[in-house]
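Encoded as structure tokens, the structure appears first; notes follow it.
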There are 4 protein chains.
Amino acid sequence: MPRTEKQFQEMRERSRQNILNSALKVFAAKGYQETSISDIAIEASISKGLLYNYFSSKEDLTRSVMEMLLIELENMTRNVESEKDPYKKLRKLIEEAFDAMETNSDYWRLYSSFILQPETAKLISPEFISSLERIFNSMEKIFSEIGVKNAKEEAKIFGAILDGIAFHVMLEGESYPRNKMKKYLIKKYSKKNL
Amino acid sequence: MPRTEKQFQEMRERSRQNILNSALKVFAAKGYQETSISDIAIEASISKGLLYNYFSSKEDLTRSVMEMLLIELENMTRNVESEKDPYKKLRKLIEEAFDAMETNSDYWRLYSSFILQPETAKLISPEFISSLERIFNSMEKIFSEIGVKNAKEEAKIFGAILDGIAFHVMLEGESYPRNKMKKYLIKKYSKKNL
Amino acid sequence: MPRTEKQFQEMRERSRQNILNSALKVFAAKGYQETSISDIAIEASISKGLLYNYFSSKEDLTRSVMEMLLIELENMTRNVESEKDPYKKLRKLIEEAFDAMETNSDYWRLYSSFILQPETAKLISPEFISSLERIFNSMEKIFSEIGVKNAKEEAKIFGAILDGIAFHVMLEGESYPRNKMKKYLIKKYSKKNL
Amino acid sequence: MPRTEKQFQEMRERSRQNILNSALKVFAAKGYQETSISDIAIEASISKGLLYNYFSSKEDLTRSVMEMLLIELENMTRNVESEKDPYKKLRKLIEEAFDAMETNSDYWRLYSSFILQPETAKLISPEFISSLERIFNSMEKIFSEIGVKNAKEEAKIFGAILDGIAFHVMLEGESYPRNKMKKYLIKKYSKKNL
DNA sequence: CATGAATGAGCATTCATTCAT
DNA sequence: AATGAATGAATGCTCATTCAT
């Protein structure tokens, strides 16, 4: 009995996801430039040829990996929406950001380096920027709800603080006082101080 | 008759600077990995072989380029020391940072990507981190002079804001409201508001 | 439909042998240092890239070529073992050595130069020395069987004569009186004269 | 007062010898292929340019170095001529050969590898072969004086033994029983045994 | 005579991509 | 769909040789 069209599509999708996850894993571990198509095929336990059946080039694969990361980033901010209290939203944002630095530092590093390298930057910018705008907008709304003046600017500063700290953490590693800064930020952006 | 020792040294120094500047230019335009030694030699209008007369490897050249950038960065913060008034110091820091984003955005991008890519990061980290620490320390002193509580944390936040904004500017380019943010930050960190 | 595992293995083995034989040929004709990977690839009618699919480096390829030669050398002495009479063994050794000088002189030259050049010597020495020892041991046994006093030293001298002549043949080429020397040696090491 | 033509010639000759000795030293230490013109110029404490004032190419320099070695080799055998007794001549030849293996092993190795590598071999063969013939002839004369039958063949065998042992010593290094073999050969080629 | 900066062809090696099966 | 052998262009680097001074 031949497989149905649907089964077939599911198989393809699973295979595609397998490749994407493998690529992300190897990219994060070795860096983008140091990762060869071969490395990814091995990690995914498939042949190089098959990989080209799913992605037309290394560039195409890279673009898709970056889209994955983008979606994850958006999910992170979406989680925050479940909170009602805007102060709690801010607190959750801070906590999520610090958590990500801790547990997914390789991905953050990959993410940032994708953005900063001309070759990979050109693969994502448009989507990324609109995604970033959505995130800033939702932050701005939070500050508005709280009643902060200049909510737009404060949202941008808030975002810059989180990204700037992430950058410093990537740079200094363990020696950066992550915990102290997290607590300090939570206090600074609490009801009492805004 | 052979050239004098001094003549040779001058030739070497000129040639070395020519190569360093060319490398910086091409690295900034294309990114580190996409730049070949050939590209740099062409930009410098010399042969590949000659480049190796001055730098023993691509890594050596890269390290030297990064040292140039580091010195420039330190100069930037040193300028600030000429001010007496701590509020003016903060203002000058902000202005210098925004100026750098504007005029040297390629170099900033290169600089950040150097730090984020495993392969290039290892070439500079130690010096960079100690340089960063000096900068943070001088920021902390400024906040102390002003009398801000938690000067250490506030200095880190101040630095994170500047680097975070630089990151967002690299990302969004012209669409980022640099001027508005600069003014807002200057006001936020003025005597009236601290 | 993909090729079967077995088909791939056969392809690989054929290709590997092709490369090894081509390498031996070019090494023998031009010498190790003067032979480029390109030369070998051209001789083997494949791309340079493919060569690296089979051998991880020029060094690796060279090592494999030397192993081939070593095996051939051992086979030569092993043939001798089939004889029962120790005098006939000596005679056969002499004959085989002179045959090798004649038919495989390039390989002998390559072999010797491999051993004498620091860079290639390090690739084979251990195996070669133990192989040489085995050969000397079996020669010593022959002389012992014959009842020669100082069998060990006489074996070493016998080996030195063969290698020394080979060296002179490489040097003088056709002008060296190989045939006369072969006959003379056979007589010298015959039952009548020992 | 300008230098006389003669003084001038002497200076050039001294300079030339300096380069030749430096080249020999570096060739012997690092191997021919691994030695660059730069290495030799540094060893000779002169500039690369000046070296080309004395030798037109690396090949030319190499040829001259090999001629030096050849002359040294001939001197070695000429020393032997001072002895009257042919048995003592043989003994002295053996002793000189073993001494050379011990004290000048690097030069021997270089010498042999020169002969065995196609590229360098072509630079010397004709002179070398006639030199070798002279040496064989003088050996033949010694055996004739002693009254050995087949003096020509025995001379060739004697020479082959010495070269063959030198080859094995280069190969096995310290583990080769040089002293035992030297003594054994001296005895074997003494009045009592010939 | 003497210097060493400069050249350029050549080398070993890598890797994204193609393709016969 | 699936394989991995095969390609070829590109890369970092070396070095004999030349030449302006």
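Note: hydrogens, waters and symmetry copies are ignored here, and every other heavy atom, side chains too, is used. Note on naming: letters A, B, ... go to the chains in the order of the sequence lines (proteins, then strands), and numbering restarts at 1 for each one.
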If you compare every side-chain N and O of [X] against the phosphate oxygens of [N] (OP1, OP2), does one of them come in below 4.0 Å?
{"X": "C:Asn53", "N": "F:dA6", "result": "no"}
{"X": "B:Ser15", "N": "E:dA6", "result": "yes"}
{"X": "A:Lys48", "N": "F:dG4", "result": "no"}
{"X": "C:Tyr54", "N": "F:dA5", "result": "no"}
{"X": "B:Arg14", "N": "E:dA5", "result": "no"}
{"X": "C:Arg12", "N": "F:dG4", "result": "no"}

> Would you say the side chain of A:Ile40 lies within less than 4.5 Å of the side chain of A:Lys48, judging by non-hydrogen atoms?
Replying inline: no

> Got C:Thr62 and C:Lys58 here, is their nearest side-chain heavy-atom distance under 4.5 Å?
Replying inline: yes

> Between C:Lys58 and B:Gln9, who's closer to the 5' end of DNA chain E by nearest nucleotide?
Replying inline: B:Gln9

> Nearest to the side chain of C:Ile37, which nucleotide is it out of F:dA5, E:dA12, F:dT21?
Replying inline: E:dA12

> Where the side chain of A:Ile46 is concerned, which of F:dT3, F:dT7, E:dA2 is the nearest nucleotide?
Replying inline: F:dT3

Grab the [atom1]-[atom2] distance between [X] and [N] for me, whole Å please.
{"X": "A:Leu61", "N": "E:dA16", "atom1": "CG", "atom2": "P", "result": "10 Å"}
{"X": "B:Ile40", "N": "F:dT11", "atom1": "CD1", "atom2": "P", "result": "11 Å"}
{"X": "B:Gln33", "N": "E:dT14", "atom1": "CD", "atom2": "C1'", "result": "13 Å"}
{"X": "A:Leu51", "N": "E:dC19", "atom1": "CG", "atom2": "C1'", "result": "16 Å"}
{"X": "D:Arg16", "N": "E:dC1", "atom1": "CZ", "atom2": "P", "result": "14 Å"}
{"X": "B:Asp39", "N": "F:dC13", "atom1": "CG", "atom2": "P", "result": "14 Å"}
{"X": "C:Asp60", "N": "E:dA12", "atom1": "CG", "atom2": "P", "result": "14 Å"}
{"X": "B:Lys6", "N": "E:dG4", "atom1": "NZ", "atom2": "C1'", "result": "18 Å"}

With distance as the sole criterion, is a donor-acceptor pair present between the side chains of [X] and [Y] under 3.5 Å?
{"X": "C:Ser57", "Y": "C:Asp60", "answer": "no"}
{"X": "B:Glu72", "Y": "B:Asn104", "answer": "yes"}
{"X": "B:Asp39", "Y": "B:Ser36", "answer": "yes"}

> When you match B:Glu34 and D:Tyr52 each to their closest nucleotide on DNA chain F, which lands nearer the 5' end?
Replying inline: B:Glu34

Sugar-phosphate only, base, or nothing, as touched by [X] at under 4.0 Å among non-hydrogen atoms:
{"X": "B:Leu50", "result": "base"}
{"X": "B:Thr35", "result": "sugar-phosphate"}
{"X": "A:Ser36", "result": "sugar-phosphate"}
{"X": "D:Phe55", "result": "nothing"}

> Under a 3.5 Å cutoff on both atom distances, Watson-Crick or G-U, what's the dot-bracket for DNA chain F ([ ] crossing, | other strand)?
Replying inline: .||||||||||||||||||||

> Counting distance only, does the side-chain N/O of B:Gln17 pair as donor-acceptor with the main-chain N or O of B:Arg14 below 3.5 Å?
Replying inline: no

>> Test your reading of the model: is there a side-chain donor-acceptor pair from C:Arg109 to the backbone of D:Gln117, 3.5 Å cut-off?
In response: no

> Which residues pass the side-chain contact (heavy atoms from CB on, under 4.5 Å) test with B:Ile71, sequence neighbours left out?
Replying inline: B:Asn75

